[in-house]
Amino acid sequence: MKRIGIMTTGGDCSGLNTTIWRIMCGAKLRGWRVFGIVDGTDGLYDTPPNAIELTDDMLTVEMTRMSGSFLHNGHAGALNFETAAAHGKLNDFNKRLHKSLAELKLDAMVLIGGNGSISLAWAHREIYRDVQLVCIPKTIDLDIPLTDRTIGFDTAVEQLTKFCDQLMLTARSHHRWFVVQSMGRDCGALALHAGIAAGASAILIPEIKFNTDALIKHIKNAPTDYGVIMVSEGITLRGHSGRPADMISRKLTAAGIVNRTAFPEHTQRSGDTTATDRILATSMADTALNAIENNETFVMVAQQDGKCKTISLAEFATAGESVADPNIPDMKTSNAYVDLDDPLLDVAHDMGIYIGEVK
Ligand code: F6P
């Protein structure tokens, strides 16, 4: 009988509970025991490790569509890889995590994380040397290489779209524009998808340079005198600092375009999990369980061309763009961005949405 651990790390998103529940269901069918690590690496660092054995009555089907993580993702300010590195305690931190896995007598660990957590797990793989490590990608940012989708992205697109839908009505009443700032870090995928879905007139993403005069001209010539201008949080404007939506808003105001800013913030990470995210979470959980059964380790589940499979973490670490972590010496995170060949960019452009200086 295997004993498997499961933990959620990094920022939360919708779909985590479905994934935890499906892992628990599939593990039970195989006669395995499942231990949830509470608070991510904070809980694994604790002595004794903060873990609970998952039983049917703890996580019911009704709870699994709710956002957040039933196991929690950790406390702000707790010791983690970055703070441990800053205090010269990274070795001790890693040793403690390794010891906790042994104390829990785990055969395998399912780590549900973003590109930061998965990159860290690979970079500090000595922690997991005595267990099978299987990672499942989750993030609203869709910035993880080698997978077409991440758990939480679809729900975030839905949340952001609905947020814009509401604004559109008040925008229309007052003949004015809303500059909506999306999350996504340096990846514009969330802004691009929700911007198209919501009928935004312009979508600015970090991957594509834009011209403020061209944006202003586009809005002045728009067929409506109201609407949404979607701005991804990762865009920059030379000579300006502060929130990107504010700087775009000021430029529009100076050009005589009446507008307001709106910040959906963490509501993009919440909301009931969409059917698409639930199906993705279920498929990824299934692939993770099969990987454990097949004795795979140091792998990440990925969805490619609609099918879930595993890829090695070594492959993950060299894919995408390697970005230095400012807080951990020699640490690199593997990042993905909107591909400039993404057909959605052409779709947006062809539909008259300003997406920057693409052509
Ligand atoms: O990576 C997920 C994300 O929601 C980003 O889109 C955003 O920039 C960041 O996390 C916000 O982090 P925090 O929850 O620490 O404010």
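Counting convention: from 1, in listed order, for ligands and their atoms alike. Just so it is clear, the structure is predicted and the values come from calculations on it, not from any experiment.
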Check: Ser232 side chain, Pro206 main-chain N or O, donor-acceptor pair, under 3.5 Å
no
Under 6.0 Å from the six-membered ring centre of Phe263 and within 45° of its axis: does the NZ or CZ of Arg243 meet both?
yes
Is His266 in contact with ligand 1, taking contact as a heavy-atom separation below 4.0 Å?
yes
Give the numbers and elements of all ligand 1 atoms closer than 4.0 Å to a heavy atom of Glu233.
5 (C), 6 (O), 7 (C), 8 (O)
Indicate whether the side chain of Arg96 and that of Ser100 have a donor and an acceptor atom separated by less than 3.5 Å.
yes
Nearest non-hydrogen protein atom to atom 12 (O) of ligand 1, with distance, is Arg269 NH1, 3.6 Å
Answer with yes or no whether the side chains of Ser69 and Asp12 bring together a donor and an acceptor at under 3.5 Å.
no
Look up atom 6 (O) of ligand 1 and tell me if a protein heavy atom lies less than 4.0 Å from it?
yes
Aromatic ring proximity, centroids under 6.0 angstrom, Phe93 and Phe81
yes
I need the atoms of ligand 1 closer than 4.0 Å to a non-hydrogen atom of Ile140, numbered in the order shown.
4 (O), 6 (O)
State yes or no: do Tyr354 and Phe178 share one hydrophobic cluster built from I, L, V, M, F, W and Y residues joined by side-chain heavy-atom distances below 4.5 Å, directly or via other members?
no
Polar contact flag for Gly184 and ligand 1 (N/O pairs, less than 3.5 Å)
yes
Under a 4.0 Å heavy-atom limit, does Gln268 contact ligand 1 with its side chain, its backbone, both, or neither?
neither
Do the side chain of Gln304 and the main chain of Leu146 share a donor and acceptor less than 3.5 angstrom apart?
yes
Of the protein's non-hydrogen atoms, which lies at the shortest distance from atom 9 (C) of ligand 1, and what is that distance?
Arg185 NH2, 3.7 Å
For Asp141, is at least one N or O under 3.5 Å away from an N or O on ligand 1?
yes
